[in-house]
Amino acid sequence: MPEKPLTELEELIGESRITVDGLVVERGKVREFVTAVRDENPVYRDADVAAEQGLDEVPAPPTFTQVARHPRYQPADFDDDGIQGFDLGFDEARTVHGEQEYEFERPALVGETLTGTTTLTDVSQREGSDGTMTFAVLTTEYRNDDGELLVTERKTAIET
Amino acid sequence: MNNEQTERLRASDVAVGDEGPTLVVENVDRVDFVKYAGASGDFNPLHVIEPYAKKADNPSVFGQGMLTAGYAAQMLTDWFGVGNLDRFKTRFTAKLWPGDTVTVTGEVVDTDESDGNMHVDTEFAARNQDDETLVTGDATAVLPTE
């Protein structure tokens, strides 16, 4: 069970905060990320290949916003002890990543700068075979400097 | 992966039951976990520090779930093109261990053309060499019909 009771966590549902600030989609960072996931697709390395696919620049790969966990992309008041900036009182050693979902308006492109706003969208508890499981759903919307929504990310964390 | 295929994929080429490209990631190793930690900024010691992982009752370090999700995303973008991927969801079901070979496959389960574009619903899975499922998921791609 988390340190915080369910009623206290439920009161946090709907709360939003900026959790990603100044996430520049850099050419080199895209290359570093796709290399780490062994993705050799030239669209992530060559703007001409991207252009052939109708993209104005090299795109970020679908899971690129994972790089937001670097401190350089976090606002100064970011709560590093929590999950995506939310201290829910989950025990880190017993917390697993249950699901991850992405919705794309279009791919983020090299040269764009993203801001991420995270909302705690759900908290619930269920009895499992090993006791109470607590579920938290955190939804992050990534927008560029024009305020255009590019990616919505939904992460489900489970404390077992 | 044959990237030419993704550029040419059109709505008329897609039907329920079609299988996507098979993506094989051979012999995933500790260095892959270290590279992903460095690239993503997820420095959870369970993935990179062997004594810490063992103390938490694991036989060794294991891979970040999002690394496996990254392999799954690669299969989807090889299949449909990165600009055509509308959404995808992964559920994490088993851990990725050093030495694993991961195979990602997918299948078209539904299509819908009602709004003038072809919405292609797929289900996919990433499995290890023992046919254990690491990740399951579903995704939708939107393809132009012209």
Side-chain angles (χ1 to χ4, degrees), chain A residues 20 23 28-44 46 49-50 52-56 58-74 92-109 151-158, chain B residues 1-4 6-7 23-26 28 31-46 52 55-57 64-78 81-93 95 102 135-142 144:
Chain A
V20 182
L23 172 49
K29 190 68 193 174
V30 169
R31 188 164 185 156
E32 178 183 83
F33 188 83
V34 293
T35 300
V37 296
R38 296 203 208 173
D39 192 336
E40 295 173 358
N41 193 331
V43 76
Y44 302 123
D46 185 339
V49 175
E52 287 167 16
Q53 298 187 20
L55 301 165
D56 292 337
V58 163
T63 61
F64 182 76
T65 45
Q66 283 300 300
V67 308
R69 302 186 64 160
H70 281 286
R72 65 190 296 183
Y73 304 131
Q74 292 166 348
E92 193 183 353
R94 289 184 291 122
T95 299
V96 298
H97 191 176
E99 294 183 352
Q100 182 89 359
E101 183 173 11
Y102 294 91
E103 290 171 17
F104 304 100
E105 308 306 319
R106 65 164 172 82
L109 302 176
V151 182
T152 304
E153 182 186 292
R154 212 165 282 117
K155 173 193 175 92
T156 305
I158 309 169
Chain B
M1 274 299 135
N2 178 1
N3 205 52
E4 296 297 314
T6 66
E7 289 167 33
L23 179 83
V24 180
V25 184
E26 287 185 8
V28 177
V31 71
D32 289 287
F33 309 158
V34 172
K35 282 184 187 174
Y36 193 80
S40 70
D42 177 1
F43 290 103
N44 185 333
L46 286 170
Y52 183 94
K55 205 174 164 193
D57 295 329
Q64 295 88 349
M66 288 308 297
L67 175 59
T68 312
Y71 300 150
Q74 184 179 338
M75 186 281 288
L76 293 166
T77 51
D78 283 344
V82 62
N84 294 327
L85 189 62
D86 181 53
R87 54 163 294 278
F88 85 102
K89 180 176 186 173
T90 54
R91 289 170 287 273
F92 302 102
T93 55
K95 288 172 180 164
V102 179
V135 158
T136 63
D138 52 86
T140 303
V142 179

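The figures here come from the full heavy-atom set of this structure, side chains too, leaving out hydrogens, waters and symmetry mates.
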- How about A:Tyr44 and B:Val82: do any of their side-chain heavy atoms sit closer than 4.5 Å? yes

Interatomic distance, CZ@B:Arg91 vs OG1@A:Thr156, rounded to 0.5 Å, equals 10.5 Å

Scored by heavy-atom pairs under 4.5 Å with chain A, the best of B:Ala69, B:Gly38, B:Ala56, B:Ala37 is B:Gly38

All heavy atoms of B:Gly83 vs all of A:Pro107, minimum pair found to be CA-CG, 3.8 Å

*asked:* Between A:His70 (side chain only) and B:Ala39 (backbone N and O only), is there a donor and an acceptor less than 3.5 Å apart?
replied: yes

Honestly, the part of B:Phe43 sitting under 4.5 Å from a heavy atom of chain A is side chain

Side-chain heavy-atom pair B:Lys89, A:Gln100 within 4.5 angstrom cut-off | no

Interface check, chain A: of B:Thr90, B:Val28, B:Val142, B:Thr68, most non-hydrogen pairs under 4.5 Å belong to B:Thr90

Hey, is CZ on A:Arg31 packed in by over 12 heavy atoms from elsewhere, all under 6.0 Å? no

Rounded to the nearest 0.5 angstrom, the CG-CD distance for B:Asn84 and A:Gln53 is 8.5 Å

A:His97 and B:Phe92 aromatic ring geometry - parallel, tilted or perpendicular at 30°/60° bounds: tilted

Honestly, the part of A:Ala60 sitting under 4.5 Å from a heavy atom of chain B is backbone

Distance col, row A:Thr35:OG1 vs B:Asp32:CG, nearest 0.5 angstrom, shows 11.5 Å

Heavy atoms of B:Leu85 and A:Pro62 approach each other most closely as CD2-CG, 3.8 Å

query: Quick one: are A:Val37 and B:Tyr36 in side-chain contact, heavy atoms under 4.5 Å?
result: yes

Residues A:Tyr102 and B:Met66: closest non-hydrogen pair is OH-CE, 3.2 Å

Interface check, chain B: of A:Lys29, A:Glu105, A:Glu103, A:Gln66, most non-hydrogen pairs under 4.5 Å belong to A:Gln66

| field | Crowding at CG, A:Asp46 (>12 non-hydrogen neighbours, <6.0 Å) | value | yes

Note: A:Ala36 and B:Leu67 closest approach over all heavy atoms is O-CD1, 3.8 Å

Mark yes or no for whether A:Arg38, through its side chain, and B:Tyr71, through its backbone, hold a donor-acceptor pair below 3.5 Å. no

